*Asks:* 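One structure, as C-alpha cells, below. Some questions next.
Side-chain atoms are counted along with the backbone in the values below, which use heavy atoms only and exclude waters and symmetry mates. Everything numeric here is computed off the predicted structure, so don't read it as measured data. Residue numbers begin at 1 in each chain, while the letters A, B, ... track the order of the sequences.
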2 protein chains.
Amino acid sequence: MRRGYATGQARRERILAAALLEFAENGYRGASLARIAERVELSQAGLLHHFRSKERLLVAVLEHRDELDARRFDLASAGGVDALHAMAAVVGHNARVPGLVQLFSVISGEAVTPGHPGHEWARRRYRRLRAQVAAALRLGVERGEFRAGLDTEAHADRLIAMMDGLQTQWLIDPERVDMAAVFRGYVDDLVALLAPPAAPGPGTAAAP
Amino acid sequence: MRRGYATGQARRERILAAALLEFAENGYRGASLARIAERVELSQAGLLHHFRSKERLLVAVLEHRDELDARRFDLASAGGVDALHAMAAVVGHNARVPGLVQLFSVISGEAVTPGHPGHEWARRRYRRLRAQVAAALRLGVERGEFRAGLDTEAHADRLIAMMDGLQTQWLIDPERVDMAAVFRGYVDDLVALLAPPAAPGPGTAAAP
DNA sequence: GTCTATAAATAGATAGAC
DNA sequence: GTCTATCTATTTATAGAC
C-alpha cells in the first residue's frame, strides 16, 4: 500500500513544519538549512534532496500554509456583517497560534525588499486577500446591510492593514496589546459606520 | 576650530546614512558590514572602529532616525482632529521617502523575534507612539471635539496599526495601493465616528 | 533516499602596524 | 583613525559513495 510514497510525503510534511519554525524564528535570511535538517534528524544534504534550495523551501512553506488556511477560513461564503465578524474570529484564532502569525509577519516584513524570494508571494497574497474582502463587502452592499457607494477596496485595504499592524504590535508586546479585542472594536465601529442611513422605522428596511 | 571633531562627526553621519540604506535593503540579518564600509569608502575594520559591532550600528541607526523624526513630527503639540490630520500628513510625507519607510517596515518585521537586536527598540517605540497618540485623542475629548468615554488607547493602537499595515502593502505593491489616500479615508471616517452626539443646532456645541 | 566530504564564498570580529 | 592580514565560524550547494 504505497509505503514509500506515504513515508516520503510524511517526511516532506515534517520538513515543512520544521522549516516553518525556523523561518518564523529567524526570517528567511537568518534561517539555516542545517538547523532545519537537525530538527527532522536529517543531514543538510539530505534535506536538500527534498527541496533543491533554501529559496524553494521557503516558497513551499508559504504555499503550504496558504493551502491549509484557505480550507479553514472561507471568507467568500460569508458576506456583509457576517464577513466582518468572521474576520474578527480569525484574529481571535490567530491570537492562539503565535508561531504562525510570526511566520507571516517576519516574512512579509522581509519581503518588501524587491529581490526577496517571498516578494512575489506576498504581492499575490495581498491582491487575493483584498479581492476577497472587497467582494464580501460588496455582497453586504447588495444585501442592504451596508450603505451604497462605499469604497469597498479602500475598506478592504484597511481591514487587512489593521490585522497586520496589530499582529506586529502584539508579537512585539503581547502583554500590552489585546489584538483580538482591539480588532473587534474596529469591526464594531465599522458596522455602525457602514450601516445604511436610518430607516423610518425598524423592519421597513428589510421589506422590498 | 575643531576640524578633527567636525570631520569625525561627519564621518559618523555618513556611516549612519550608508548603514540605513543597507539595513533597509537587506534587513539586519541580510546586511553586510563590508558593503556598508564600501559605500563610505572605508575598510570593514575601519568601520568597526566607529561602531564596535553590527548590533550597535543598527541601534545607532534606529536611534538617530528617531531623533530626527521627533523633531519633524510634533504630534504632542496638536490634539483632537488636528492631530488626526497631522497623522494623515505624516503618511502623505512618508509616501515620498520609501527608503525610510522600508527601513522601519523591515526592521519592525524582523524585530518581532525576541532575540533580535531591534526588539527592545521596537517595543519602546510602540509604547511611546501609543502614549503620544492616546494623549492627543484625550485632548480632543477634553476640548469637546470627540465624544466622551471613547477608548483612546485602543484607537491609538488602531491608528498606528493602520499606518504600519498600509506601509507594508504599499511597499510590496506601490502602484496598487495609495497609502496616503486610504489612510486619509480612515481619518475622515474616524472624525465622523468620534464626533460628539449631534447638538440641537449648529454653533450650540461650542457654547459653554 | 541518505550519507560524508568538500567546495567556495562570505560573515563578523580582532591584532597589530603605521 | 585607518589600514592589512588573519582568525574562526558559518553559509548554501554539489559530488559521489552506499
*Asks:* Taking B:Ala134's backbone N and O only, do any of them form a donor-acceptor pair with B:Glu153's side chain (distance below 3.5 Å, no angle check)?
*Replies:*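 Such a contact is absent between B:Glu153 side chain and B:Ala134 backbone.
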*Asks:* Do you see a donor-acceptor pair shorter than 3.5 Å between the side chains of B:Asp66 and B:Trp121?
*Replies:*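 Yes, B:Trp121 and B:Asp66 have a side-chain donor paired with an acceptor closer than 3.5 Å.
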*Asks:* Any chance you could encode DNA chain C as dot-bracket? Rule is Watson-Crick or G-U wobble with both distances under 3.5 Å; [ ] for pairs crossing earlier ones, | for another strand.
*Replies:* ||||||||||.|||||||
*Asks:* It should be established whether A:Arg11 places a side-chain nitrogen or oxygen under 4.0 Å from OP1 or OP2 of nucleotide C:dT2.
*Replies:* yes
*Asks:* For atom CZ of B:Arg56, is the number of surrounding heavy atoms from other residues, nucleotides or ligands below 6.0 Å larger than 12?
*Replies:* no
*Asks:* Rounding to an integer number of Å, can you tell me how far A:Gln44 CD sits from C:dG1 P?
*Replies:*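 Taking atom P of C:dG1 as the reference, CD of A:Gln44 is at 18 Å.
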*Asks:* Please find the pair of heavy atoms, one from B:Arg39 and one from B:Arg14, that lie closest to each other, and give the distance.
*Replies:* O-NH2, 3.9 Å
*Asks:* Salt bridge check: are A:Asp188 and A:Arg184 linked by an N-O gap of less than 4.0 Å?
*Replies:* no
*Asks:* Would you confirm whether A:Glu22, through its side chain, and A:Arg35, through its main-chain N or O, come within 3.5 Å as a donor-acceptor pair?
*Replies:* no
*Asks:* What I want to find out is whether B:Glu142 reaches B:Arg138 closely enough, with some N-O distance under 4.0 Å, to be called a salt bridge.
*Replies:*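 So B:Glu142 does not pair with B:Arg138 through a salt bridge.
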*Asks:* Given atom CZ of A:Arg29 and atom C1' of C:dG12, what is their separation to the nearest angstrom?
*Replies:*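 To the nearest whole Å, that distance equals 18 Å.
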*Asks:* I need the minimum non-hydrogen distance between A:Glu25 and A:Gln102, along with the two atoms involved.
*Replies:* CA-NE2, 3.9 Å
*Asks:* Could you identify which residues of residues 32-43 of chain B place a heavy atom less than 4.0 Å from some atom of DNA chain C, listed by residue number, or say none?
*Replies:* B:Ser32, B:Leu33, B:Arg35
*Asks:* Among residues 47-62 of chain A, which contact DNA chain C at a heavy-atom distance under 4.0 Å?
*Replies:*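 Those residues are A:His49, A:His50.
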*Asks:* Under 3.5 Å, is there a donor on one side chain and an acceptor on the other for A:Tyr126 and A:Asp164?
*Replies:*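 The answer is yes; a qualifying pair exists.
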*Asks:* Ignoring hydrogens and angles, tell me if any N or O in the side chain of B:Ser32 forms a donor-acceptor pair with the backbone of B:Ala34 under 3.5 Å.
*Replies:* yes
*Asks:* Expressed as a whole number of angstroms, how long is the span from A:Ile15:CD1 to C:dG1:P?
*Replies:*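 Rounded to whole Å, this separation is 11 Å.
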